[in-house]
Amino acid sequence: MVAPEVEVRELGRAPRTVPVDRGLEVGRGADGLRIDDDGVSRRHLKLLPSPLGLSVVDLGSRNGTLVNGRPVTSRTALADGDVIRLGRTELVVRLPVPRSTPTPGPRVLPADSVPLPAPPVLVAPAATTPLRAAVVWLRAGPDTHAAFRTYQELPRRIPVRAWRVVRVGSVAAYLALVVTLVVRPTTGLALFFGVVVPVLPILFFVAPGVWRNICPLSSANQSARVLGFTLGRTAPRWWSERGYVVAITLFFGIAGARLALFNSSGTATAALLAVIILSAFAMGVVFKGKSGWCSSICPLLPVQRLYGQTPFVLSPNSHCQPCLACTRNCYDFQPQLAQQADLHDLDSRWSQPRRLFASALPGFVAGFFTLLGEPALTTPQTYGRLALFVAASVACFLVLEVFLGVSAGMVTALAGAAALNLFYYYGTPRAGSALSTLLGTANPGWLRWPVLAVVAPLTLVWLLRTHWAERRYLAETGQDEVTDLGMPVVPTVAEAPAAEVAFVGGPTASATTGQSVLELAESCGLQIEAGCRMGVCGADPVAVVGGAEHLSVAEEEELSTLRRLGLAPNTRLACCARATGGPVTVGLTPDRGASVETPPPSFDRSITSVVVIGTGVGGVTAADFVRRGHPDCEIHLVGQEPHLLYNRMGISRIVYGRSAMSGLSLLPEEWYDDHRVTTWLNTLATDVDTAGRSVRLGTGEHLFYDRLILATGAQGTVPPLRGFGGPGTFVLRTAEDAGRIRAYAQQHGVTRAVVAGGGLLGLEGAWALRRLGLTVTVLERNTRLLPRNIDARASELVHEHLTRAGIAVRYRASAAALEGGSVLEQVRLDDGSLLPAGIFLAAIGITPNVDLARRAGLAVDRGIVVDDRMRTSAPDVYAVGDAAEHDARVLGLWPVATKQAEVAAANALGGDESIEADLPAMILKGVDLDLSAVGRVEPEPGDVVLTEDLPAVPLYRRLLLAGDVVAGVLVLGAAPEFLSAATTAVKRGTRLGPEALARLRAGDWMAVRAAPQPESLPTTV
């Protein structure tokens, strides 16, 4: 883009030409264009170039600014040849021929002149204290995120290519050791049993991922895949399920054989190592991924899994590119989850061998080193005594677990910690050992105490972190024990008519108490749009013409959405406004709010351009609130999608509906014109120059900004799955995604679909495909649906609802590969079974769009890192919505995005607002089932859980009380009044009095609305 120019004509100086290639301040003390003129203020005016043209704004100068002899009172667009007068200096505008014209914006924006406010004071966020940082690290180690992360989400500090080089070296070193054991047995045995074997346990313990990346056996196993000649067969089910037992047998057999053979024979040890690496290689040739060796029968696998569950150093897998889903509870895929998932697996044939190995290990270590010092024993005596040590160890394990009630995760960790300390206590080199000979030291036994001084504290920390990891795993998978008070069942009785609701230009209907205006309008056959039905999306605003006092009071969520919509004060959301008694008159077309032409009391005139990247709810809300706070600046809204703001909560309807985008649009096109927001649809922001304060667009234009708000959103996570990306494979995130699914199903006559993921996105997608007429199967890795959001009973009810609708759910199942020719034909599961399918929909989560921010040099982790004021690491750049990571979380929720956008807009204009912690509701929509939850699901010790289960209604509701505080609510079915009251109580942390608690226990669920207990007032001295 050719930059505009100004010709500077100063008194007594030759004219000069200056390009305006950025926001340019002009004045005697300006950093941009300096003017040596006493009649010019230090910061006199600002020139702003943009694709809309060049504009000028006076920055509150003492003598003012003239354009063609007319005073500048607001931002004024400039034409070629215009003359700007400041003091005794003139600037003549020279504009290039415009290349393109986006959505039009006004040339002159009328506004009254107001004083320039003081610069905003930016307050730095409070630093994390060393003590807090230590506690966070102690609990979570290097991964401080709330949820277990996959290897794709872990930070990768060493490139995969570098790991490959190291792996070649590790295989070479392994082979060199084999040769040394044959050629120089004494040196080889000393190196292997005196160096390699002692180092491996502590490496498994501290940095298991490092070993998994450099292990010579793993490298040999994966070489066939890397070189492209593996057969890639799926391991038989019995191999996958019983491979761990083989691994245990090999470990104890080989380690025990040291006593009789390997400790003294270099040739036998060399042969053993050669057979092992050849076996690893052969298994890689036959089976896919690591299913044939590393994750099934490798003798080192049990030790790695035991000690690698809470690593001190996280190193993501660099082998499996991409993941083949070849192994159940794969360590390489999710290292912090694998061991806990194994130990708490409901299949005892899977979990018990893991516990058996841990229980036997301390006794085996103690017995091995004790018998190592008694060479006079015969072989039968040696192994008989070793068996006694192992039996005693297993017995101690059972006592801890069965009689003392220690959890499976902790008793396993205790056994592992004991074995590790015993190993380094007994295994320290002693007089006459091979290593003492290698070191030239007569008695190196003194090394024992320094080694234990390091190992013992590490194991203590490891035990504590393993305890927290187990608790976190149980909480996230819904396996915690739940206390139920056994609430008396109170039948739900239909309410008598409570009100007459008249629709302007339509019918009048009788409403029952608690019935929403939306439900009543739908029952009358009126056309009214609805999305989440919880007052979040704002799709159904109506005007209350009369009888507003006969409707329920607007709760916090609805008020927040109404504030965002900016409509007239008589607006309510039809899904939230409920009849309470008396006549009501409602208009389905809401009245417009106050005009944005009315300027706020004060605004910063030096802010001439705000660029918002992202046209979703976060971006549009940010643009809206910037305009409310600043009537004069340019606002550019840039988005890749071809549509203006629409209701993403309703896109599944595009899959099965006939009207495409009809009804999904949330704002009329004239809204953008009325608010003077320049929209750039189908436009990609390619780069951000934070130093030059500009955004480069894919069309070649540059947008210069004073403030930048990133609302780049997120995309559906693409699974690392062989075959994904081909015909028939989809994610469902945008309206275009939904349209492509519908078109593909028709073009190819698809009759069957598989959906990966039993979360909210997966269930909504599965329902849409079913309504399109397809036979649908949902794959869920867990043992039940929505385990993080709802309890087991609600999961069961959701499952029954889906089954009645013809949707099958397969638990503990995941896709391993997608197979077919020119179209998708079948999905191969991780257990080797096949599902016929013409469409595969991946609904496994979202991935924030952070590439633009990363290229701009902003701090990025899972999302764009922001503080409480939504500021990024670059000055005057903010981030909101699904792309923003606040407090180490990316929530990806509609109401969170709108609140963040309001805060970012206020602070971008010089405010000082902070985002508050929130508990957004979980809402399952679009599946003909009312399901909502907010707050905690899993109880803690001392909590009380109240439930009501009425299958005939149907209705299931659940309330979690932390003492007398309402901490969580779950409702499946129609109980709108209770849900609204309980949701408000949870978000406000309402404390109930004794009377309200007694009413709850007696079955009066609306007691949750009771007034909270008054807090004691502080004493004034």
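Computation of the quantities below employed the complete heavy-atom set of this structure, encompassing side-chain atoms and omitting hydrogens, waters and symmetry-equivalent molecules.
- Residues E10 and R16 are paired through a salt bridge, judged by an N-O separation under 4.0 Å between the basic side chain and the carboxylate.
- Considering every non-hydrogen atom in both R85 and R88, the closest pair reads NH2-CA, 3.8 Å.
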Item checked: Verdict with reasoning, Y878 to V866, per side-chain contact (heavy atoms from CB on, under 4.5 Å) -> CA-CA 7 Å; Y878 302 78; V866 296; over 6 Å; no

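- Looking only at side-chain heavy atoms (C-beta outward), H44 and T65 come within less than 4.5 Å of each other.
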| message | What verdict does the side-chain hydrogen bond (donor to acceptor under 3.5 Å, both in side chains) test give for Y646 and E641, after you've listed the backbone C-alpha separation in whole Å, the side-chain angles of each residue and the deciding distance to 0.1 Å? | response | CA-CA 11 Å; Y646 61 90; E641 291 193 71; 2.6 Å; yes

**Study point:** Stepwise side-chain hydrogen bond (donor to acceptor under 3.5 Å, both in side chains) check, N907 with D912
**Key:** CA-CA 5 Å; N907 293 331; D912 187 23; 5.8 Å; no

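- In this structure, the separation between CH2 on W894 and OG1 on T621 is 8.0 Å, given to the nearest 0.5 Å.
- Taking CG of L708 as the reference point, atom CG of L710 lies at 4.5 Å (rounded to 0.5 Å).
- Residues L909 and V626 are in side-chain contact: their nearest non-hydrogen atoms beyond the backbone lie under 4.5 Å apart.
- Annotation for L24 and G32: closest pair CD1-CA, 3.7 Å, computed over non-hydrogen atoms.
- A donor-acceptor distance shorter than 3.5 angstrom exists from the side chain of N68 to the backbone of V83, with no hydrogens or angles considered.
- Between T89 and L11 there is no side-chain heavy-atom pair separated by less than 4.5 Å.
- The salt bridge (charged side-chain N to carboxylate O under 4.0 Å, His left out) with E25 is formed by just one residue from the set R43, K46, R605; it is R43.
- Counting all heavy atoms, side chain and backbone alike, L858 lies closest to A874 at CD2-CB, 3.2 Å.
- Under a 4.0 Å N-O distance rule, the pair E913/R869 does not qualify as a salt bridge.
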Next item on the list: Walk me through it: do L645 and V617 pass the test side-chain contact (heavy atoms from CB on, under 4.5 Å)?
Entry: CA-CA 7 Å; L645 177 65; V617 69; 4.1 Å; yes

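- Residues A879 and I864 approach most closely at CB-CG2, 3.9 Å, considering heavy atoms.
- Salt-bridge check for D80 with R94: failed, with every basic side-chain N at 4.0 Å or more from each acidic carboxylate O.
- For the pair H630 (side chain) and D632 (backbone), a donor-acceptor distance under 3.5 Å is present.
- Applying the 6.0 Å contact sphere to CZ of R70 captures no more than 12 heavy atoms from other residues, nucleotides or ligands.
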request  = Would you sort out whether I651 and D737 count as a side-chain contact (heavy atoms from CB on, under 4.5 Å), showing the intermediate values?
outcome  = CA-CA 9 Å; I651 61 172; D737 294 333; over 6 Å; no

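- Counting all heavy atoms, side chain and backbone alike, A574 lies closest to V542 at CB-CG1, 4.0 Å.
- Put simply, the side chain of H636 never gets that close to the backbone of L703: no donor and acceptor are under 3.5 Å apart.
- Salt bridge R862/E885: absent, no basic N to carboxylate O contact under 4.0 Å.
- No side-chain heavy atom of L681 sits under 4.5 Å from any side-chain heavy atom of P642.
- We find that R22 and D706 are not joined by a salt bridge, their nearest charged nitrogen and carboxylate oxygen being 4.0 Å or further apart.
- Taking CZ from R13 and CD1 from I35, the interatomic distance works out to 8.0 Å, rounded to the nearest 0.5 Å.
- Counting only heavy atoms from C-beta outward, the side chains of T683 and Q640 never approach each other to under 4.5 Å.
- Between the CG atom in D687 and the CG atom in D851 there is a gap of 11.0 Å [rounded to 0.5 Å].
- Using a 4.5 Å heavy-atom threshold, the side chains of P631 and F603 count as touching.
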| Given the rule in the side-chain hydrogen bond (donor to acceptor under 3.5 Å, both in side chains) test, do S914 and D868 qualify, once you have shown the distances and angles that lead to the verdict? | CA-CA 5 Å; S914 298; D868 290 345; 5.3 Å; no

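- The residues R75 and E634 are annotated as salt-bridged, a charged nitrogen and a carboxylate oxygen being separated by less than 4.0 angstrom.
- Checked by atom type and distance alone, the side chain of S41 pairs as donor or acceptor with a backbone atom of R62 at under 3.5 Å.
- A salt bridge links D876 with R693: the distance from a Lys NZ or Arg NE/NH1/NH2 to an Asp or Glu carboxylate oxygen falls below 4.0 Å.
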Between D689 and F704, is the side-chain contact (heavy atoms from CB on, under 4.5 Å) condition met? List the steps. CA-CA 9 Å; D689 178 3; F704 297 96; over 6 Å; no

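- Ionic pairing of D867 and R871 is present here: one or more N-O contacts between side-chain nitrogen and carboxylate oxygen are shorter than 4.0 angstrom.
- More than 12 heavy atoms of other residues, nucleotides or ligands sit less than 6.0 Å from atom CG of N682.
- Around the CD atom of E549, the shell of radius 6.0 Å holds more than 12 heavy atoms that belong to other residues, nucleotides or ligands.
- R628 has a carboxylate O that lies under 4.0 Å from a charged side-chain N of D624, or vice versa, which qualifies the two as a salt bridge.
- Distance check, rounded to the nearest 0.5 Å: CD of E90 to CG of D37 gives 11.0 Å.
- A donor atom on one side chain and an acceptor atom on the other are not found under 3.5 Å apart for S61 and N63.
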(Q) Working note: T717 + T847, criterion side-chain hydrogen bond (donor to acceptor under 3.5 Å, both in side chains); need CA distance, chi angles, decisive distance, verdict. (A) CA-CA 5 Å; T717 300; T847 300; 2.9 Å; yes

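- Residue R855 places its CZ atom among more than 12 non-hydrogen atoms of other residues, nucleotides or ligands, all under 6.0 Å distant.
- One distance of note links CG of L78 with CG of L54; it measures 5.0 Å at 0.5 Å rounding.
- Residues L697 and V638 are in side-chain contact: their nearest non-hydrogen atoms beyond the backbone lie under 4.5 Å apart.
- Proximity of a side-chain donor or acceptor of D58 to a complementary backbone N or O of G60 within less than 3.5 Å is detected.
- Between W680 and T615 there is no side-chain heavy-atom pair separated by less than 4.5 Å.
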